[in-house]
Each structure stands twice: as C-alpha cells, then as structure tokens.
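Below: one structure, written as structure tokens.
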Protein chains: 2
Amino acid sequence: MQNTQYHFSKLAGKLKSSMIRELLKYANVPGAISFGGGTPDPETFPRHELAQIASEIIEKEYKYTLQYSVTEGDPELVRQILVLLKRVYGIDGLSSENILITVGSQQALELVGKILLDPGDYVLVGDPEYLGALSAFRMRDPQFLVVKFDDDGPDINMVEQRIKDLEESGQIRYLKFIYVVSNFQNPSGITTSFEKRRALVEIAQKYDVLIVEDDPYGVLRFEGDFVPSMMKIGGTERVILLNTFSKILCPGLRIGIIVADKSIIRKAVLAKQGSDLCSPSLTMRLAARYLERYDVLEQIKTAVTLYKQKKDAMVKALEENFGDIPGARWTNPQGGLFIWFTLPEEYNTMEMFEFAEQNKVFYIPGEAFRPHDEPSSSMRMSFCLPSIEGIYEGVRRLRDAFEKYRASKGL
Amino acid sequence: MQNTQYHFSKLAGKLKSSMIRELLKYANVPGAISFGGGTPDPETFPRHELAQIASEIIEKEYKYTLQYSVTEGDPELVRQILVLLKRVYGIDGLSSENILITVGSQQALELVGKILLDPGDYVLVGDPEYLGALSAFRMRDPQFLVVKFDDDGPDINMVEQRIKDLEESGQIRYLKFIYVVSNFQNPSGITTSFEKRRALVEIAQKYDVLIVEDDPYGVLRFEGDFVPSMMKIGGTERVILLNTFSKILCPGLRIGIIVADKSIIRKAVLAKQGSDLCSPSLTMRLAARYLERYDVLEQIKTAVTLYKQKKDAMVKALEENFGDIPGARWTNPQGGLFIWFTLPEEYNTMEMFEFAEQNKVFYIPGEAFRPHDEPSSSMRMSFCLPSIEGIYEGVRRLRDAFEKYRASKGL
C-alpha cells in the first residue's frame, strides 16, 4: 500500500519538532560560530576516571550493571544524591523514598506532567520559559498561565493576579503547579531572588498549589551569592525539586532526579514503570561510583572558571558591538550557560536569523521560548561551547547581521 | 503542612503497582526458588568484552559517548540494527529513517501508545497478554478488545468477530492496532503460526488498522523452525516491529527499537523528544561497537543451549509432578523464557500463591496477564534463572503447595 495515511492520535497531531533542533542543523557548516546549543564542553568531562570506573563496574558488578534495575533507580546512586542534596542545598532529613532517578530531567518533567496534569489543567510558567519543560507538559495538553520574567525572577504581582483570576472564575483547583527554573534560567540566565522565592512559596501555600523547582544550573554559579532553594524554604510538602547530572558530570549518562514528598515519588515511580520500566543500571552505577570516589563539586570548578571567562567575554563583546544601539540590552548572569540578548522591540530575531545564517553565526530566536509562540526581539546566546576568540568574532558577525537586517527593514 | 492531599491527575489515580513487582519482593527469602522473574541469567552476558569496549569508547569517543545524542539514537547503532534486521528477519531495503532507538522496549510501547492512542481508542490484545504492553498502553487510557490465545496464536475467528462488532457499531476508526508478541509470548511461551500471522496481516489490511509486532524473544529459539515475521509479510506500511537488546545482549543497557514506516518514526521521534530528549549515548555506542566486533547471534548460542536444557527440565518436572492431575496442562515452548502452566479451572493461582510462598517457590499468577484482571487458573513459570536441580526441586515444592491448596479448598 502506498501513501498510507495513518490514524495518529490527537497528541501526535500536535507534536512539532523543536525549533532549536531544526535551527541547529545549520550550525554545523564549516567556519560557523554557534551560540545556539546549550551543551557543555566535552573537554570538561572527567573521561579518564569514567572510563576506568566503567570497565571496573562491568567486570565486577555485572550482576547489577548489565541487569534490569529497580524502577526507583540505583540505591547506590540514591545514597550519593542524598549526600549531594545536603552539601548543595543544605537539605537534610530526606530518605531514599524522596528520590526517583530518571532518564535526564526531561523525563523528570514528563513524569511530573503525567502524575499531576489532566488535559485542560493549568500550569503557571514564565515568559520566556525552558522549552523542554513546555514540551514535556504539552504531552498532557494543559493550559499555560504565563507571567513575565523580570531581572530577579517571575513578576510576583502577575503571578498573584493570574491565580486570583483563576480563583474568581472557580478554576483554581485546576491549577496544578508553578514551574520555575530558579538559578540561571534557560534561556534568560536570570536567577529568582530570595525574596521572590519566599513569595512564591507563600503563594503556593495560600492557594494550595505545588511548585516545581527545576535547578540544572545552580552548581554552575561563578559569582555572586548562593540563593536558598524553594525546596529549602517550602519543604517537600510544597515543592518538587528537579535536577540532573548533565551539567555537573556529563549529559551522556542521561541522569535526572526528582526530589519530592514520598507520596509524589510513589506515583512518579508507577508512571516511570509504565514509561520505561527502569533507567539503565550501567549509567546510574557509573555516576554512583564516580561520586563516591571523586568530589564532583571540586571537579566542576575548572569548568565553572572557564564558563565565567566566556561569559565575561560575551558581555564585553556585546558592550563593544551593541552598546550604541538604544534599547538593546542583555542579561549578565552569575552562572549557567546562557545570556538573554534583547534588541529594540521593533526587531524580530526569527526574521533576523537568515542574516545571521549568511554570516555563519547562530543563536536561538526568543520565539522558541515563549509559551504561546509569539514573535520575540530577544535571542538566547550560549557561551559555553565557542572559544573566547570565537565569542568576540561571533558577536561581531552578529552586529553585521543586525545591520543587514536593519537595512532590509528600512529602520 | 502535614498530610497534604495532592491533586494528582486522573492517570495517576489509575496507576497501580505491577503485581509482578509486588510478588517478587517475597522471592528473595533465603532458600527460595523463583520461577517468577523473566530476567536473563547474568552469567550469559559478555561482560569482559563490554568492559573493554566501555573503557575504550569513553576514552576515545567521549565527544559522543558523554554528550547528548540525537533523539533518533546513535547512528552507529542504527547501522548495526539494519544489518541485524536483514540477518534475523530477512528484512531489506530499510534505512535509518525507519528506526528509532528507545529506552528498552517499554519506552517503545509507550511511544507507540502516545502517537496512536487517544483516550477511549481500541487496541486488540491477547488473553493472556504481556503485562508491560498493557501498562504502557494504559497510559493513554484506551479500551482493550481481548481475544483468546490458542496454542498457535490469537484466535483468528475471535479477532475478526471483535473487529466486525466494532465496524457494525461504527467504532472501527477508533481501533488503532492489533498487538501481538509473535514468538514465545510472554507469559504463555506461545508462537503465532505462519498461517495466523498471514491472517492477521490480511485482517489489518482489510480493516485498515496497524499491527504492532513485539518480538523480544525470537532470537531465543532453541528448537523448531523460524517463522517469518508479520513485518516481513505485511511490510512497514502495515506493521510496526518492536525489539530489544535486553534478551540478545543484556537488559542493563536498556536498548529498545521501533522499526516502522518513516512517517510513524518521525512522530515517535517527536514524542521521544518530549519524553526524555534522547537515550544515553554511552549505552547505545557500547552496543554498537559490540555488534560491530562480535557476532551476537553466535554469542547467544550458549545461552540458548542452556535455556533449552532448563525448559526441557521444567517440562519433565511438570510431567512427573502434575501428569496425574486431570486437566492440568502446560505449554512446551520452542524458545524464550516462559512456560504457561494451567491447572484445572476450579483452581485459582492467586489463591494458591500463599501456599507456594510457604513452600518457598514462586511463580506469577495468570491474573497478572489478563487485560481485565479476571481470576486465572494459569501461572507463568520462568525457567531461565534457577539451576536444573532448582527447577526439579521447585516443581516438587509446587506440587506440594498444590496439595495443600487443594485440601484447603476441599477439592
């Protein structure tokens, strides 16, 4: 039979390829400088240590590493995670029943969606927002309540207003959670301040909703003061904390974590059972033995120092190349991998993309991170992969692309 | 806040722990003999080869193995899979666009559910049926059309009747696919005959539905003739083929495969993107390099020979211990890991479980594999893990448990 038309589900009809994925196809042309991808620099991964441990645990622990694991994840890794939660967040008193290991934080997001969201339920998200979270939640067909992100986190008045509106229309019980990437948000690089974190927890308590705090980048702080997590402020009763080893160790192991109240973890375990039975034993045990033998928080310092130099270079390059454009502005993050660069509002970074492409410089247009796909004058610029020289050269190319785009618009 | 009642989704409300998981908790008591788990024997895994390759690919290919992969999966592994599809099934002419690598076949099942099933849609399944498939499909809240499994596969008259009923009630467009584990089905050990495979493909063509052919056990054939796959008969237009490396190599890598029409794979890739972004690069590349250097079909022969001896022992033990019970019967599979043992219908293997537990012998009651959880006089007995002596001893204990159960029922 030729040209079969399959009867896909409604969900399948709504799925679309991520813009990032599509745009990054262009980024591999020779001579290109890409500020697009948010992947860490592979030279920072502890490959010698991991190679040695991998060989050892396959030889000696093959009855675990090559066999099915329990759905909850490797107990040895869970133990190491409990130690890290104490060291990184000062969170104490948790047990293995508060932890579920997932296939990357993307699966953590999807499982949270599965256990909390029915079609039509509400989730409060930022504008801009992490694209992976939006696509995970969309699997459950929710409605997004969107609030603006200020330089110190979500606009709290807007959060309260959105929730009050729901309460007045009798829909408040369908609001399931507030989602926030608390440190160095992807895409904006913005960190939610302590005051705003406390305010969010109070709002969550007042209206009996959960907070999903996603913190993949917190360990990549290169300046400024540590800000306590919302989970530390609100406890597991009110906050679900997601994390990942993709930035602290390496992404190839695909290890994410859900930290939550035991009853939430139990549900998430059942959802994971139906989704993939269990994560790979080998990658979990590899991370566990690495954490046992090496101090991952020490090990990551080299990468963090490098990222700071690159961030400083990008901020300097933006000042040099765009300092004269009235209304152009950029975030100056204290950690993480991303700068959010905003042009005056009459510009559209999606339109500008073709000029950047001609100049062999790549970024992700802000539109990709808007929950309702509206046009955007912002772009996400990742500083982690190019060299420092590449960053200066790339921003110069970007200014040139901007000139060509401006001329084409007659502005 | 104490005793928070969370507002879980309706899906979360329906999730329940798998009976297998619960029952197997008992199987670890000292001296127990378990016919419960369907996990392969770890001594059959090629651990020395895998240890050596793992170390090498982390050292030399760290830019791939420790980094994010593309959602479709490692291109090197896809290439090896195309070679295997030709060798194992005689399937030719496929390209990388027909393949998606998943986290075990459980994720393959869940992705198939996501892209094809809306709540209320129909899926045709067997009685008994593979539990993992039922739980994956249940994530999408479908209705199961159930057909009896004969000794040579699904009851074809019943398949046609169920479909005709749907057609008459105007519901046929909501039937999305027929699911069949074609070789040595879990739990029954039954292989669907060539005639029935052809009949199923014809029915699928006639009524324009898909077939989802799941074949984790086909490579574990220890006697009898190879039966062509439904995908070979019906092509990718009509058949989605699922497979896994869990039985052929080892489960700890969690590598499953979807083979399908390109348009189906494209949708499944998008669904995977939202579900976990990508599988771990390390485990995929490890499998790829193993397959490149070693002949996995040769390597597995030792395990298959061992499984045949164990299957023969279990059949002999059943004959010796239950040959005198009128109405007791068991399948004699030509491969795979399971025998389906059925007591006379007045018995209930869930009720009998406590007597077996007292005797320290474990099996999975047939009820676990019935799509609508009805009581069952059958049980799934896995012969892959206990020793041959253990099998004889275990079946003797089972007979003793049966006697105690029979006495308790006054039969």
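All values below were derived from every heavy atom in this structure, side-chain atoms included, with hydrogens, water molecules and symmetry-related copies excluded. Labels below follow one simple rule: chain letters A, B, ... track the order of the sequence lines, proteins then strands, and each chain is numbered from 1.
By number of non-hydrogen pairs under 4.5 angstrom with chain A, the leading residue of B/Gly252, B/Ala12, B/Ser9 is B/Ser9. The candidate with the highest count of non-hydrogen atom pairs below 4.5 Å against chain A, out of B/Ser135, B/Ala268, B/Ser281, B/Cys278, is B/Cys278. Per-residue counts of heavy-atom pairs under 4.5 Å with chain A were compared for B/Lys16, B/Lys267, B/Gln52, B/Glu56; the largest is that of B/Lys267. When each of A/Ser275, A/Gly104, A/Ala54 is scored by its heavy-atom pairs under 4.5 Å with chain B, the top score falls to A/Ser275. When the candidates B/Arg138, B/Met139, B/Arg254 are compared by the number of heavy-atom contacts under 4.5 Å with chain A, B/Arg254 comes out ahead. Ranked by non-hydrogen atom pairs under 4.5 Å with chain A, the options B/Ile57, B/Leu134, B/Asp118 are led by B/Asp118. Of the listed residues (A/Phe45, A/Phe137, A/Tyr68, A/Tyr174), the greatest number of heavy-atom pairs within a distance under 4.5 Å of chain B belongs to A/Tyr68. Counting heavy-atom pairs closer than 4.5 Å to chain B, the top residue among A/Glu110, A/Gln67, A/Glu59, A/Gln107 is A/Gln67. Heavy-atom pairs under 4.5 Å with chain B peak, among A/Ile255, A/Leu111, A/Leu286, A/Thr71, at A/Thr71. In terms of heavy-atom pairs under 4.5 angstrom with chain A, the leader among B/Ile58, B/Asp276, B/Leu66 is B/Leu66.
In this structure, chain B has a heavy atom under 4.5 Å from the side chain of A/Arg140, while its backbone stays farther away. Heavy atoms of A/Leu131 lying under 4.5 Å from chain B are absent altogether. For A/Ile264, the parts lying near chain B are the backbone and the side chain together; criterion is any non-hydrogen pair under 4.5 Å. For A/Lys176, the part lying near chain B is the side chain, with the backbone staying farther off; criterion is any non-hydrogen pair under 4.5 Å. Using a 4.5 Å cut-off between heavy atoms, A/Thr236 contacts chain B through its backbone alone, with no side-chain atom that close. Neither the backbone nor the side chain of A/Val209 has a heavy atom closer than 4.5 Å to any heavy atom of chain B. Contacts of B/Ser279 with chain A are made by backbone atoms alone, with heavy-atom separations under 4.5 Å and no side-chain atom involved. Contact annotation for A/Pro119: neither backbone nor side-chain heavy atoms come within less than 4.5 Å of a heavy atom of chain B. Of the two parts of A/Ile115, the backbone and the side chain both hold a non-hydrogen atom closer than 4.5 Å to a non-hydrogen atom of chain B. With a threshold of 4.5 angstrom between heavy atoms, A/Thr102 does not approach chain B through any atom at all.
Nearest heavy-atom pair, B/Ile300 versus B/Ile248, reported as atom, atom and distance to 0.1 Å: CD1-CA, 3.5 Å. Smallest separation of non-hydrogen atoms from A/Pro40 and A/Lys247: CG-CD, 4.2 Å.
Salt-bridge formation is not detected for the pair B/Lys10/B/Asp141: no Lys NZ or Arg NE/NH1/NH2 atom is positioned less than 4.0 Å from an Asp or Glu carboxylate oxygen. Classification of B/Lys272 and B/Glu72 as a salt-bridged pair fails, no side-chain N sitting under 4.0 Å from a carboxylate O. Electrostatic pairing of A/Lys63 and B/Glu43 counts as a salt bridge here, judged by a charged N lying under 4.0 Å from a carboxylate O. Salt bridge A/Lys206/A/Glu202: absent, no basic N to carboxylate O contact under 4.0 Å.
Annotation: A/Tyr207, atom OH; neighbour count of heavy atoms from other residues, nucleotides and ligands within 6.0 Å is above 12.
A donor-acceptor pair shorter than 3.5 Å can be found between the side chains of A/Ser69 and A/Tyr64.
B/Tyr6 places a side-chain N or O within 3.5 Å of a backbone atom of A/Glu237 that can act as its donor or acceptor partner.
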